[in-house]
Every structure is written in C-alpha cells, then in structure tokens.
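Data first, discussion second: the structure below is written as structure tokens.
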Amino acid sequence: MLTYEREYQFAKDYPEIFWGEQADKLDWFQKPQTILSVDEHQIERWFSDGVMNTAWMALDYHCQQGRGEQTALIYDSPATGVQKQWNYQALRDDVARVAGMLAAQGVTKGDRVVLYMPMIPEAVMAMLACARLGAIHSVVFGGFAPNELAVRIEDAEPKVLITASCGIEVNKVIPYKPLVDKAIMDSRWKPEQVIIVQRPVHTAELNQARDQDWQRLFEEAKPHECVPVRATDPLYILYTSGTTGKPKGVVRDNGGHAVAMKYSMSAIYNMPQDGVFWAASDVGWVVGHSYIVYGPLIHGCATILYEGKPVRTPDPGAFWRVCQQYQVDILFSAPTAFRAIKKEDPHGEWIHRDSLQSLQAIFMAGERLDPPTLEWVQSHTDKPVIDHWWQTETGWAIAGNPLGIETMPIKPGSSTKATPGYVVEILNEQGEPQQCGQQGYVALKRPLPPGCLPTIWRNHDRFESGYLSQFPGYYVSGDGGYVDEQGYLFIMGRIDDVINVAGHRLSTGEMEEVVGAHPAVAECAVIGVHDALKGQLPLGLVVLKNGMKVDTHQLELELVGQVRDHIGAIACFHHAVVVERLPKTRSGKILRRVIRQIADGESYTVPSTIDDPLSLSELEQALHHDIDHKTG
Ligand code: COA
Ligand code: AMP
C-alpha cells in the first residue's frame, strides 16, 4: 500500500490512536487521556480532558526549547513601506504584555474580544494575547461595513473591541474609527472598552469615555502568564456567510485546533520547523487564522504578515519579491490573486525562477483552482501548484495533495484526495452514496477530525439544522462535486446561496435582503455570475413594484450603494438589472441555476417544473439588452 493510502486508512480505522499520537507532539499542561468523546449535544469532541494553552504552544514552548532567537513574525507592508521582524522571544514578550493590557481592562477567560484590524502586527499579537488569557477572539475582516460589524458584536457580546485608526488599501486610506463608532451605535451590545492602534498615516479622534490608546496601555502593561484552558474551550469565533442575512459564528476549540494545525503543517505542507511559511491572505479570514497565525507558530516556523496586494503594491512582482527576500518555503494564496498577477504580467516577466530557489510549492484555496491558472503558475514558476479544499468550518484542508506524506500526481480541476482524518463521500438527495463520476452533495462522515467546528456560537440548533440533520451521520459541506475512479475529488461549487468572490465567501441571500429593502423593488434575486478575475461576481435581478416608474440607471446606483453601505466594498456588488419577472417553479421557487446559466451564456435545459417558460426568454432579452446598453 502506498504511504498516503496507509496513513488515510489508519486514521479512518483507528482515529483515536491516530489523533492521540498527533496530540503527543504538542506540549500540554495536562495530556489528554480521553481522545474522543461526545458532549451534551451528542457531538464528537476531541481531547476533552486535556489542559493547555494555544499561545503557550505557539510561543513560550519554542522559547523554552531554546528557539527564542529564531524568527517568528515577519511584517512586510508595501502599503506603508515598513518591514520588521520579531523573534520568538520578542513576540512572546510583546504578546504577554498585550495580554496584561487586556487583563487590566477586565478581560478574563471566556470573555470575547472583537478585533476589527488591518494587517498589522498588533492584530496577530491581539489574537495570541486573547489565547494567552483564555479569552475568545472574533476577528472581523476590515472590508466589512459597520452593519456587518454590528451584527457580529451583537452575537459575540465582546467586553472589549480592538481596532486601528485606519486600514490602507491600494492608494487609499480607510479610517476605521467612524465605522467602529457606527457599528457600536447600531449594535444593541456595547463593548466596555475600545482600544485603538494609532497609525502614523492617519490618527483617529478618541472618545474620552470609552476609547483607549493601544500604545499608552501597552507601555503601562505588565506581562501576563498563559492561563490553562480545557482543550474543548473555544479559542475563537469566526463569522462566515450562510444562506441568510445572519452570519454563522463558527466556533473553534483550543485543543483540536492545535493538534490539527501541527499535523497539517507537516502532513499537508511538509514544512520544516525552521522554514518560512507565507499565507498571502488576511487575518480576517480562516486562512489568516490558521496559516498566518496559529499553524506556522505552533509548528515553530517564521510566518509572514503581508499588508499589500498581489498587484499594484507596487507591481505584479510583489509575490515573487517577498518569496525571494524571506526565502519562503511555502506560499499559500487564492487563485484569484494569481489571476490578477497573470492579467498584469501575462508572460511572467516578473517571475525570475532563479530567485525562487527556496520555494517548495504553491498552495491555493478559497475557490476552485481553475486549470488555466494552474497551468500558468506551474509553467512560469516550475513549482508544484497544489489545490486544496477547505472551509471556515473545518479550519484546515479537507482534501489536498499531502506533500509531507506522499506527493500524488496532480489532476487539473481536482483538489486530489481526502486528507487523513477526513472521510469524504458523495451522496444523492436520499443520502445514498453516488457512483464514481456522479455528482452529488459532498459530505463528511462523522466524527469530523480535530479542529473542525463543534457548534455555532450560541446557536447549536443552527449547527444541527444547517450541517448535520440532512444526512444522519454526516456533515454536509454545502459544496457539490464528485470523485473519479482513482479517488480524486472534484469540487464543483456551492449548492446553496453562497458565492465566492475573489476567494471571499459571501451570501447572496444577504444581498437579496438589502436589495429587496429598496422601496421600488417588489422582488429580487442575486446570483453569482462568472468573472475572469474574481471567479464570481454578484448580479442583482430586480422586479419593480407595479406602476413604479424609475430611472433604471439611478436605481442601479442606489442598490450598489446600499449593498456597499450595508455589507461592504468587499461584496463587489456593481450590477443590477430590472426584469419583468423572475423565472420560477410552479411552487414559486426561483430557478437560480438556470438564471446563472443564462447570465453566463451557457446552454441550459428548461426545467419541467417551470411555471412559465416565457420568463426565460424575457430574462435572456433583458440581460442582453443590459449588456448592449452598458457596452454602448
Ligand atoms: N479593508 C477595507 N476595504 C477593503 C479591504 C480591507 N481589508 N479589502 C478589500 N477592500 C475593498 C477594496 O478596496 C475594494 O474597494 P473598491 O470597490 O472601493 O475598490 C473592494 O473591497 C473589493 O476588494 P477586492 O475584491 O480585494 O478587489 P481589488 O480589486 O482591490 O483586488 C485582488 C483584487 C484579486 C487582487 C484581491 O481580491 C486579492 O488579492 N485577492 C486574494 C484573495 C484572498 O486573499 N483570499 C483569502 C482566502 S486565501
Ligand atoms: P471559506 O469558508 O470562506 O473558506 O469558503 C469555503 C468555500 O470556498 C467552500 O465551501 C468552497 O465552496 C470554496 N472553496 C474553498 N477552497 C476550494 C477549493 N480548493 N476548490 C473549490 N472550492 C473551494
């Protein structure tokens, strides 16, 4: 049997032995004796009697082992021109002081702290400081609008909110403080304190009664020790888009997460302990949590925090410059980032292969790695380019090409095979396994491995109804796909109302709520249409209220503005088209799949359940008319 097959089979047949051995590789305060058990909701939990601290494993342990001088954090910010590094000792000391600073504000074990931060070192320190105290952090991506932040504040009920005076996007400074103020004003829950990192490029005005200056508090703070927590205590909550307007608070526990991070760094990424790992993502996304902060540090690597874009900061050579400058071993980003590079540097003239000597492989996730992008990156870098599939809910790759176990041949369009610990099955509507090559629901057999979510924050019913109840014994991923005769997994896209824009997961249902609230709109549908750069872009189709006379261009501007104000610029909602009616089934369900096929110019079959087939040709006409109109 090949190495991968052996490891996969062993993890499947003897999960407790397999994960018990992985847990032994970490430094626990109290080693777990119980490897797998079930909680009061009958959900499988890992290492329930283990006692530990994630920040200890990520920082103090390495210092104790004499690796304090080794580089831990590299901050590279083309946005500001700053480049700075921390070794393990220095990062540990700073994090201990930030923990002391939070403790002085009354933050203790189990309290929530919301972070609305740009990609600055203080964001990483704040996350680790929460972990040190056993407090639960919830990072909100800086591209989200105040309303999104407010919804998360209300759900997480943080004692403290940490932010910065601004974020820096390409050629623009985005003041964060007014966004935070609005979010707190709109939220029913008010954090007791707001701590602000003042950045030189823009200073925020502080509200004397509530706001505190990070630097002042930091200077006054005393270092705080690591607080022991149970393996099953939450490390963080990360909100992700579901099918409704209310995002889901994915809960990550401490112990399972640490074990999964450690295992993945070796098994999936084949990272040496003294290597340099670069996840070119954002701490606001799960990739940032797992592979900018926790995975590399728990493994003892150097991690790069890059405050910039793949292009325009300042050029499409940025990724290759960083790889060369810091001798990066593994680069991880989303396919959209490479499509952006390819667009600006189609012949790969910024890529100098000689200077990419240290680079072992390029990993991609966040959306399907489309074969043309795979081919372009592979041929221009001459490196293995690995697609791996995962979700906020799992926190690490469900399927991939595990370089640390065995490098399997790459098949374009496939994320290779299930990672040891996961059992992936393709099910039909009735929950029966599909044959090879047949598409269906991609489901994961329970128990999910360590690191995956045990619940949704304060809404366990949503976890049950959204993921577990459809097929008993399985977790439903929300993705559709198939497995071929050689066991390769092909993820074909979401089967729910979630879309993927530039590797960012967004809810069309949420956009529909915003669009539908416009006084002229009777009904609407938002669908994801194909985009050559960002993979998908949202498109709004709106039906006007009877007798409503509006300037459609003006209406589009208003809808675009409302989605931007409500959800954020990151939604990339730029397009709305007025239609006579929406194609529906006889029972009133909007035929989204067909609408998407029409918008993408694909061939489609008219569903037998359609209420009125004429609605499809009307839609085609409206879309063509709109394109003609916009392209003149
Ligand atoms: N704070 C505030 N605004 C932000 C933001 C942040 N952290 N991140 C993005 N935005 C804004 C952008 O400025 C832009 O605003 P605009 O409409 O006023 O121009 C909007 O949100 C859309 O941003 P984005 O989708 O990132 O588009 P872009 O044109 O700036 O960049 C890419 C395109 C492809 C270069 C970029 O999306 C990218 O690097 N993607 C990589 C994806 C990634 O890291 N995914 C994480 C999973 S691995
Ligand atoms: P997120 O929770 O933001 O990480 O988004 C998870 C979703 O992104 C998945 O459910 C998929 O729809 C999509 N996704 C992530 N990685 C891949 C991949 N490698 N191939 C296909 N789809 C992916």
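Here the structure is a predicted model, which is why all the values come from computation and not from measurement. Order of appearance sets the numbers: ligands from 1, and atoms from 1 within every ligand.
- Pairs engaging residues 402-421 under the ring pair (Phe, Tyr, Trp, His ring centres under 6.0 Å) rule: none recorded [sequence neighbours left out].
- Glu367 and Gln536 are not linked by any side-chain donor-acceptor pair at a separation below 3.5 angstrom, with hydrogens and angles left out of the test.
- The distance criterion of under 3.5 Å between nitrogen or oxygen atoms is met by Gln391 with respect to ligand 2.
- Among protein heavy atoms, atom 34 (C) of ligand 1 sits closest to Thr336 OG1, 3.6 Å.
- Using a 30° and 60° split on the angle between ring planes, Tyr441 and Phe471 fall in the perpendicular class, above 60°.
- Regarding atom 16 (N) of ligand 2, its nearest protein heavy-atom neighbour is Gly366 N, 3.1 Å.
- Distance from atom 39 (O) of ligand 1 to its nearest protein heavy atom, with residue and atom name: Pro310 CD, 3.1 Å.
- At a heavy-atom cutoff of 4.0 Å, ligand 2 is contacted by the side chain of Arg494 but not by its backbone.
- Shortest contact from atom 6 (C) of ligand 1 to any protein heavy atom: Gly143 N, 3.5 Å.
- Every residue meeting the ring pair (Phe, Tyr, Trp, His ring centres under 6.0 Å) condition with Tyr116, not counting sequence neighbours, appears here in chain and number order: Tyr176.
- Side-chain atoms of Tyr422 and Trp390 form no donor-acceptor pair, as typed in the model, at a separation below 3.5 Å.
- Ligand 1 lies less than 4.0 angstrom from a heavy atom belonging to Arg312.
- Below 4.0 Å from some heavy atom of Trp390 lie the following atoms of ligand 2, by number and element: 6 (C), 9 (C), 15 (C), 16 (N).
- Residue Leu369 places no heavy atom under 4.0 Å from ligand 2.
- A salt bridge links Arg321 with Asp76: at least one charged nitrogen is closer than 4.0 Å to a carboxylate oxygen.
- Regarding atom 20 (N) of ligand 2, its nearest protein heavy-atom neighbour is Arg368 CA, 3.2 Å.
- Contacts between Ala280 and ligand 1 below 4.0 angstrom, taking non-hydrogen atoms only, involve the backbone exclusively.
- Ion pairing between Glu344 and Lys309 fails under the 4.0 Å rule for side-chain N and carboxylate O.
- Checked against a 3.5 angstrom limit, the closest N/O atoms of Glu393 and ligand 2 fall outside it.
- Neither the backbone nor the side chain of His504 comes within contact range of ligand 2; no heavy atom lies under 4.0 Å.
- Some N or O of Lys534 is nearer than 3.5 Å to an N or O of ligand 1, by distance alone.
- More than 12 heavy-atom neighbours from other residues, nucleotides or ligands sit within 6.0 angstrom of NZ on Lys383.
- Taking a 4.0 Å cut-off on heavy atoms, Gly167 fails to register as neighbouring ligand 1.
- Ligand 2 has no atom lying under 4.0 Å from any heavy atom of Ser415.
- Note: an N/O pair closer than 3.5 Å links Lys309 and ligand 1 by distance alone.
- The protein non-hydrogen atom at the shortest distance from atom 9 (C) of ligand 1 is Glu169 OE1, 3.3 Å.
- Of all protein heavy atoms, the one closest to atom 46 (C) of ligand 1 is Ser281 OG, 3.4 Å.
- Among protein heavy atoms, atom 18 (C) of ligand 2 sits closest to Glu367 O, 3.3 Å.
- Closest to atom 42 (C) of ligand 1, if we only count protein heavy atoms, is Ala502 O, 3.2 Å.
- In this structure, His137 and Tyr236 have parallel ring planes: the angle between them is below the 30° cut-off, well short of the 60° mark.
- Neither the backbone nor the side chain of Phe573 comes within 4.0 Å of ligand 1, counting heavy atoms alone.
- Looking only at protein heavy atoms, the nearest one to atom 12 (O) of ligand 2 is Asp479 OD1, 2.6 Å.
- Close approach of ligand 2 to Asp387 is summarised as follows: ligand atoms under 4.0 Å from at least one heavy atom of the residue are 18 (C), 19 (N).
- Near Asn500, with a cut-off below 4.0 Å to any heavy atom, the atoms of ligand 2 are 7 (C), 8 (O), 13 (C).
- Residue nearest to atom 14 (C) of ligand 1, selected from Ala571, Ala569, Gly284: Ala569 (by heavy-atom distance).
- Under 4.0 Å from ligand 2, not a single heavy atom of Trp285 appears.
- The residue among Leu179, Ile174, Val287 with a heavy atom at the shortest distance from atom 2 (C) of ligand 1 is Ile174.
- Counting protein heavy atoms only, atom 5 (O) of ligand 2 is closest to Arg505 CD, 3.4 Å.
- Here the heavy atom of the protein found nearest to atom 23 (O) of ligand 1 is Ile570 CD1, 3.9 Å.
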Report the C-alpha separation of Arg199 and Ile168 in whole Å, then their side-chain angles, then the decisive distance to 0.1 Å, and conclude whether the side-chain contact (heavy atoms from CB on, under 4.5 Å) test is met.
CA-CA 10 Å; Arg199 305 190 72 185; Ile168 305 171; 3.8 Å; yes

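- Residue Arg564 places at least one N or O, backbone or side chain, under 3.5 Å from an N or O of ligand 1.
- Aromatic ring orientation, Tyr269 versus Phe277: perpendicular (interplanar angle above 60°, classes split at 30° and 60°).
- In this structure, His460 and Phe463 have perpendicular ring planes: the angle between them is above 60°, well past the 30° mark.
- Considering backbone and side-chain atoms together, Lys172 places an N or O closer than 3.5 Å to an N or O of ligand 1.
- Using a 4.0 angstrom heavy-atom cutoff, Phe332 does not count as in contact with ligand 1.
- For the residue pair Glu558 / Gln554, a side-chain donor-acceptor distance below 3.5 Å is found, with atom types taken as modelled.
- Here the side chain of Ser290 pairs a donor or acceptor atom with the backbone of Gly395 at under 3.5 angstrom.
- Ligand 2 places these atoms under 4.0 Å from at least one heavy atom of Thr392: 1 (P), 2 (O), 3 (O), 4 (O).
- For the pair Gln434 (side chain) and Gln439 (backbone), a donor-acceptor distance under 3.5 Å is present.
- Within a 6.0 Å sphere centred on CD of Glu205, heavy atoms belonging to other residues, nucleotides or ligands number 12 at most.
- A tilted orientation is assigned to the rings of Phe141 and His504, their planes being inclined by 30° to 60°.
- The ligand atoms of ligand 2 that sit less than 4.0 angstrom from a heavy atom of Ile491 are 21 (C), 22 (N).
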